[in-house]
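Below is one structure, written out as structure tokens; the observations come after it.
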Amino acid sequence: MWKNIMYLLGAAGIFYLAVLYNSKALFCVCFAAVSVPLLFLGVLSYIKQRLKFELLFYSYPITDSGDYLVGLGVENPSKIYLPRIRARIRVVNTATGRIEWVKAEGRVPAEGSAELSGRVKEPEFGLWQAECQDVRCYEWTNFLHLRPSVQERRQILVYPAVYAVNIKIGIRTRLFWSDGEQYHPQVSGDDPSETLKLREYQKGDRLNRVHWKLSAKNDNLIVAELGMPMGCNVAIFLDGKPASMGRKEVRAYWAVLHSLSQELLAQECPHYLVWRDRQCQELLCRKAVRKVEDLMDFWCEIPPDRMERGAEPTVYARNFPGEMYASHIAWNQEMELWCNSKLEAEIKPEQVKEQLAELELLL
């Protein structure tokens with residue numbers, strides 16, 4: 001703005017001197033000062049009609065602190081370079097309403113493209129939407145500009161951070177029998193409704209496992225190994241109300257949960273995520289996590305603003321009678337991490353990574 005004002009004052013001053021001294025040279029300079037930006041603006045208008053814009057919102061963080069890149073991709077098919085394009089992008093969390101403004105600017109080469117980007121610093125978990133509020137293409141004197149319209153919008157789901165955590169799963173938890181719709185691909189069990197594999201009879205095999213029809217066809221005893229149901233033998237209770245927590249506490253709360261769940265998945269341990277939703281008819285809600293896609297679905301579906309306190313093992317027994325689990329983890333709003341009713345750690349929001357690295361949970 002100040003540059004424009006100074007330019008106009010300078011042109012007005014030259015015009016005043018030209019009139020005062022009746023100088024043709026100064027009149028020419030004044031005419032050039034006014035006409036050259038207008039000429040450039042005409043050329044810029046020709047180029048603007050051929051520009052292609054793409055709103056960019058990267059779905060992964062670019063730094064350890066969790067900053068995300070947001071920007072504008074510009075494709076210039078003309079043979080004239082653009083000296084300056086400036087974009088102002090509005091990024092909003094659809095759940096909390098938090099708004100971030102990102103400014104991005106740069107130049108675009110002739111017959112080329114460029115990415116003008118800025119950063120959203122440490123966005124919290126949730127669905128974020130970016131939309132371009134203002135784009136300005138400046139001509140070569142950097143005095144006048146045109147405003148192309150970019151109507152595109154982009155949404156991404158920002159996931160919580162994941163840190164290393166040491167979890168040891170004992171035999172009791174791994175082999176705890178619980179009903180499930182899926183079966184372990186390698187470990188045999190006692191479920192007669194699913195056969196894991198067929199093999200030749202070995203000494204010590206029980207006769208009720210012999211597949212008599214196949215044995216008669218092959219003139220050799222064939223034993224059927226039965227499948228083991230992959231039930232959720234671990235339950236993680238989310239006893240917190242994120243809507244009443246501070247920004248740092250919320251980031252730490254979700255990061256700890258995400259780290260625990262990812263580590264259990266890495267060790268092929270299906271588990272339940274249990275929470276209380278004030279709008280749900282059931283007192284408690286739960287999500288079975290058997291693979292990474294299940295965890296991603298949880299992050300897409302969970303309503304953080306509706307989560308309430310009260311997710312506890314005693315309440316779980318009343319809501320899901322007869323459904324047992326081998327071990328449980330309780331993660332509450334006071335940032336206390338309990339494992340099988342034993343307090344393991346009191347997590348500090350600014351030391352989540354360090355404390356999880358030193359933690360050892362035995363399930």
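- His271 places no side-chain N or O within 3.5 Å of a backbone atom of Cys232 that could act as its donor or acceptor partner.
- Take Asp305 and apply the side-chain contact (heavy atoms from CB on, under 4.5 Å) test, not counting sequence neighbours, and it matches Pro303.
- For Trp254, the ring pair (Phe, Tyr, Trp, His ring centres under 6.0 Å) test picks out Phe125, Trp299, with sequence neighbours left out.
- There is no path of hydrophobic side-chain contacts, each under 4.5 Å, that joins Leu260 to Val162.
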Run the numbers on Tyr68 and Tyr60 for ring-ring contact (aromatic ring centres under 6.0 Å, His included), then give the verdict. CA-CA 7 Å; Tyr68 282 71; Tyr60 51 86; 7.9 Å; no
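- Using a 4.5 Å heavy-atom threshold, the side chains of Leu127 and Val158 count as separate.
- Within the 4.5 Å cutoff, no side-chain heavy atoms of Pro242 are placed close to those of Gln333.
- Legend: residues meeting side-chain contact (heavy atoms from CB on, under 4.5 Å) with Val292, ordered by chain and number and at least two apart, are Leu265, Met296.
- A continuous path of hydrophobic side-chain contacts links Leu72 to Leu51 [ILVMFWY only; heavy atoms under 4.5 Å].
- Heavy-atom minimum distance, Gly126 versus Asn93: CA-ND2, 4.3 Å.
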Go through the steps for Cys339 and Leu363 under the test side-chain contact (heavy atoms from CB on, under 4.5 Å), then give the verdict. CA-CA 8 Å; Cys339 181; Leu363 298 179; 3.3 Å; yes
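- With Asn332 contributing its side chain and Glu336 its backbone, the two residues share a donor-acceptor pair below 3.5 Å.
- Side-chain contact between Leu273 and Leu295 is present, with at least one heavy-atom pair separated by less than 4.5 Å.
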Working note: Trp140 + Val43, criterion side-chain contact (heavy atoms from CB on, under 4.5 Å); need CA distance, chi angles, decisive distance, verdict. CA-CA 10 Å; Trp140 291 262; Val43 177; 3.9 Å; yes
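- Side-chain contact between Phe53 and Val135: present, with at least one pair of heavy atoms (C-beta onward) separated by less than 4.5 Å.
- Through direct or relayed side-chain contacts under 4.5 Å between Ile, Leu, Val, Met, Phe, Trp and Tyr, Leu343 connects to Trp338.
- Residues in residues 47-62 take part in these salt bridge (charged side-chain N to carboxylate O under 4.0 Å, His left out) pairs, two or more places apart or across chains: Glu54-Arg154.
- For the pair Leu238 and Val274, the minimum side-chain heavy-atom distance is 4.5 Å or more.
- Classification of Asp277 and Arg306 as a salt-bridged pair holds, one side-chain N sitting under 4.0 Å from a carboxylate O.
- Applying the side-chain hydrogen bond (donor to acceptor under 3.5 Å, both in side chains) test to pairs two or more places apart or on separate chains, none has a residue in residues 339-352.
- Summarising the geometry of Asn76 relative to Ala110, their closest heavy-atom pair is ND2-CA, 3.9 Å, with the distance given to 0.1 Å.
- The salt bridge (charged side-chain N to carboxylate O under 4.0 Å, His left out) pairs that include a residue from residues 86-96 are Arg90-Glu131, where partners are two or more places apart or lie in different chains.
- A donor-acceptor pair under 3.5 Å is formed between the side chain of Ser244 and the backbone N or O of Lys241.
- Judged purely by atom type and a 3.5 angstrom limit, His145 has no side-chain atom pairing as donor or acceptor with the backbone of Phe143.
- The side-chain contact (heavy atoms from CB on, under 4.5 Å) test with Arg119 is passed by exactly one of Val102, Val70, Leu69: Leu69.
- Using a 4.5 Å heavy-atom threshold, the side chains of Phe237 and Trp275 count as separate.
- The side-chain heavy atoms of Ile302 and Met307, taken from C-beta on, include a pair separated by under 4.5 Å.
- Residues Leu359 and Ala345 approach most closely at CD1-CB, 3.9 Å, considering heavy atoms.
- As a member of the Ile/Leu/Val/Met/Phe/Trp/Tyr network built from side-chain separations under 4.5 Å, Trp101 groups with Val92, Ile99.
- Side chain of Asp297 to main chain of Glu301: no donor-acceptor pair is present (N/O by atom type, distance under 3.5 Å, no hydrogens or angles).
- In terms of the side-chain contact (heavy atoms from CB on, under 4.5 Å) criterion, residue partners of Pro349 (sequence neighbours excluded) are, by chain and number, Lys248, Glu249, Ala252.
- Although no hydrogens or angles enter the test, the distance criterion places a donor-acceptor pair under 3.5 Å between the side chain of Glu139 and the main chain of Thr141.
- Val256 and Tyr163 fall within a single hydrophobic cluster, where Ile, Leu, Val, Met, Phe, Trp and Tyr are joined by side-chain heavy atoms under 4.5 Å apart, directly or via other members.
- With 3.5 Å as the limit, one finds a donor-acceptor pair spanning the side chains of Gln151 and Ser149.
- In terms of modelled atom types and a separation under 3.5 Å, the side chain of Asn319 and the main chain of Tyr316 share no donor-acceptor contact.
- Contact of the Ser45 side chain with the Leu146 side chain is registered, since non-hydrogen atoms from C-beta on lie closer than 4.5 Å.
- In the hydrophobic clustering of this structure, Tyr138 does not group with Leu82; members are Ile, Leu, Val, Met, Phe, Trp, Tyr whose side-chain heavy atoms approach within less than 4.5 Å, directly or through other members.
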As a quick check of understanding, evaluate side-chain contact (heavy atoms from CB on, under 4.5 Å) for Arg247 and Val250, giving each step before the final call. CA-CA 5 Å; Arg247 183 177 172 184; Val250 169; 6.0 Å; no
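- By the 30° and 60° cut-offs, the orientation of the rings of Trp331 relative to Tyr253 is parallel.
- Applying the salt bridge (charged side-chain N to carboxylate O under 4.0 Å, His left out) test to every pair with at least one member in residues 159-170, sequence neighbours left out, gives these pairs: Lys168-Glu360.
- For Glu115, the side-chain contact (heavy atoms from CB on, under 4.5 Å) partners at least two apart in sequence or on another chain are Leu56, Tyr58.
- Looking at Ser259, its side chain does come within 3.5 Å of a backbone N or O of Ala255 through a donor-acceptor pair.
- Atom CD of Glu358 and atom NZ of Lys353 lie 13.0 Å apart (nearest 0.5 Å).
- Note that CD1 of Ile156 and CZ of Phe57 are 3.5 Å apart. Values are rounded to the nearest 0.5 Å.
- Between the side chains of Thr94 and Gln155, no donor-acceptor pair is found at a separation under 3.5 Å.
- The shortest heavy-atom contact between Ala130 and Val91 is CB-CG2, 4.1 Å.
- In this structure, the side chain of Asp67 does not engage the main chain of Ile62 through any donor-acceptor pair within 3.5 Å.
- Using a 30° and 60° split on the angle between ring planes, Tyr325 and His328 fall in the perpendicular class, above 60°.
- Checked options Val289, Val234, Asn233, Leu361; the residue passing with Leu264 is Val234 (criterion: side-chain contact (heavy atoms from CB on, under 4.5 Å)).
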Apply salt bridge (charged side-chain N to carboxylate O under 4.0 Å, His left out) to Arg286 and Glu323, showing your working. CA-CA 12 Å; Arg286 68 179 183 181; Glu323 298 192 29; 2.5 Å; yes
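- Sorted by first and then second residue, the salt bridge (charged side-chain N to carboxylate O under 4.0 Å, His left out) pairs involving residues 93-109 (not counting sequence neighbours) are Arg84-Glu105, Arg98-Glu100, Arg98-Glu124.
- Atom-to-atom distance recorded for Glu293:CD and Phe298:CZ is 16.0 Å, nearest 0.5 angstrom.
- Of the charged side-chain nitrogens involved, none lies within less than 4.0 Å of a carboxylate oxygen, so that Glu308 and Arg276 do not count as a salt-bridged pair.
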